[in-house]
Engineer: 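I'd like to ask you about the structure that follows.
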Amino acid sequence: MNTIVNGLQWGDEGKGKIVDYLTETADLVVRGQGGNNAGHTVIVGQDKYILHLVPSGILWSGKQNVIGNGVVLDPIGLAREISTLEQQGVTITPDNLLISDRAHVVLPYHCDLDAAQEQARGKFAIGTTRRGIGPAYSDKATRNGLRMADLLDSSLAHELVSVRLEDANQFLRAHNIPTHDPEKVLEEVESGLERLRPHVANTIPVLHDAWKAERNIVFEGAQGTFLDIDFGTYPFVTSSNTTSGGACTGSGLPPVAIDRVIGVCKAYTTRVGEGAHVTEDEEFSSYLHGLGREFGATTGRKRRCGWLDCVLLRFACMVNGVTDLAVTNLDGLDERKEIRVCTAYNLDGVEHAFPPAQRDSWTRVRPVYETHPGWRSDTSGCRNWEDLPRNAQNYLNRLAELSGAPVRYVGIGPDREQTILL
Ligand code: IMP
């Protein structure tokens, strides 16, 4: 059984926890896109782990984790993340972590280019994580990128970085950002690279062998559908395909290898960074922040919170081919008297079931809401569907109806056991 786990909103849906839950029966956990712009928090007992690039299967023994070719990888950041995990007692060897030799690398100048580009965008800034993701994927697309295989060949790496920096430095200079020297860049990366070297491999045959041997593979999506470069709220998106297709192009396993797509959404909607958020609600945001919830794992920024947007959810279930829905953070709604759900967008008096493509439409659409009674009781101790209050069950049933996919998992807290299976 090969499973893709994707976010159906703007990231931070709690995919890490669902992947962690599935990993018990998985043999391999694979990341196929994104970089260390992602942040997954996994709680195991008293311990809290924050993962950016390392797949969450690393927290289990006997699982092979793979960072696929579609990921953009910051070698310094990854080496640091591995070291932090090791300090927390996690053993990391090539037996449980492989890195694709085709994965593109994020170098220090990519982060500065990210900052310079944001500066140049002025009022159209995207609010990126400044992790160099856009510039690294741009270099990949314009064929100026370096892959892990290139970086490991030091003379080739020097040549490629030198050529790239001629152009990149001009851009940085124009934005009053310090320029980079090829020697220094490679020196800086070297220590991280040494730690990563034994893990670098041609991961594609490894995945195909696992598929042929009918081992269970879980694809851990990063970010969410509306940050997808094709299907998201462009241009306020990230630079990769965060939807299910990205798992295939980002790993080398073909679509016919996929058996199931689990779409993860919160019981409400959150977003970090700029861009449309039709159901954003200030009062509800402050309420969740007041509970200590909804602060970004990567940047610590406050997430912008709003009601569940089923226009987005419906579209996300379509483009990902969601077979199973996982609804997380249901407990965030526990104390609310009334809960709103957006069923359609009203654009200039006309109702729409799907999100618009036109940039200016996003500022004009108004949510069409229906209101549900809250359940006003603590769901965090519920372990079965029957334990959930009737109003919570009704809410979840309506969510499934509006999105067109069945609810199979419900998250009611951060702990491993706080997931209800339907
Ligand atoms: P970038 O991926 O750093 O280029 O940022 C582009 C947009 O995606 C910004 O709005 C970020 O806040 C958002 N973003 C990127 N990664 C994540 C994530 O893992 N969770 C939530 N938002 C993200």
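All ligand and atom numbering here is 1-based and tracks the order in the structure. Given the structure is predicted, the values throughout are model-derived calculations rather than measurements.
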Engineer: Once the angle between the rings of F295 and H289 is folded into 0 to 90°, is it parallel (under 30°), tilted (30 to 60°) or perpendicular (over 60°)?
Structural biologist: tilted

Engineer: With no hydrogens and no angle check, is any side-chain donor or acceptor of N36 less than 3.5 Å from a backbone partner on H52?
Structural biologist: no

Engineer: Let me confirm one number: the CG-CG distance from L8 to N320, rounded to the nearest 0.5 Å.
Structural biologist: 6.0 Å

Engineer: Which ligand 1 atoms does V237 reach within 4.0 Å, using its non-hydrogen atoms?
Structural biologist: 6 (C), 7 (C)

Engineer: Can you tell which part of L227 has a heavy atom less than 4.0 Å from ligand 1: side chain, backbone, both or neither?
Structural biologist: side chain

Engineer: Just need the protein heavy atom nearest to atom 3 (O) of ligand 1, so name the residue and atom and give the distance.
Structural biologist: T129 OG1, 2.5 Å

Engineer: Hey, what's the ring geometry for H175 with F171, parallel, tilted or perpendicular (30° and 60° as the breaks)?
Structural biologist: tilted

Engineer: Is D114 in contact with ligand 1, taking contact as a heavy-atom separation below 4.0 Å?
Structural biologist: no

Engineer: When you measure from the heavy atoms of R301 to every atom of ligand 1, does any distance fall below 4.0 Å?
Structural biologist: yes

Engineer: Tell me whether R336 forms a cation-pi arrangement with Y287, defined as NZ or CZ under 6.0 Å from the six-membered ring centre and within 45 degrees of its axis.
Structural biologist: yes

Engineer: Taking atom 4 (O) of ligand 1 as the point of reference, which of T128, V272, T233, I229 owns the nearest heavy atom?
Structural biologist: T128

Engineer: If I apply the N/O under 3.5 Å rule, does N37 come out as touching ligand 1?
Structural biologist: yes

Engineer: Should the pair W10 and H277 be assigned to parallel (<30°), tilted (30 to 60°) or perpendicular (>60°) ring geometry?
Structural biologist: tilted

Engineer: For atom 1 (P) of ligand 1, tell me which residue out of N36, T270, T238, I126 has the closest non-hydrogen atom.
Structural biologist: T238

Engineer: Cation-pi between R416 and W60: NZ/CZ under 6.0 Å from ring centre and within 45° of the ring axis?
Structural biologist: yes

Engineer: Run the contact test for F236 against ligand 1 with a 4.0 Å cut-off on heavy atoms, strictly below, and give the result.
Structural biologist: no

Engineer: Tell me the nearest of G127, G273, G11 to atom 9 (C) of ligand 1, using heavy-atom distances.
Structural biologist: G127

Engineer: Closest non-hydrogen protein atom to atom 20 (N) of ligand 1, residue and atom name please, with distance?
Structural biologist: D12 OD1, 3.1 Å

Engineer: Does ligand 1 have any atom sitting under 4.0 Å from a heavy atom of Q223?
Structural biologist: yes

Engineer: Check T279 against C342 and note the closest heavy-atom contact, atom names and distance.
Structural biologist: CG2-CB, 3.5 Å

Engineer: What atoms of ligand 1 come within less than 4.0 Å of a heavy atom belonging to W10?
Structural biologist: 21 (C), 22 (N)

Engineer: List the atom of V407, the atom of L422, and the distance in Å for their closest heavy-atom pair.
Structural biologist: O-CD2, 3.4 Å

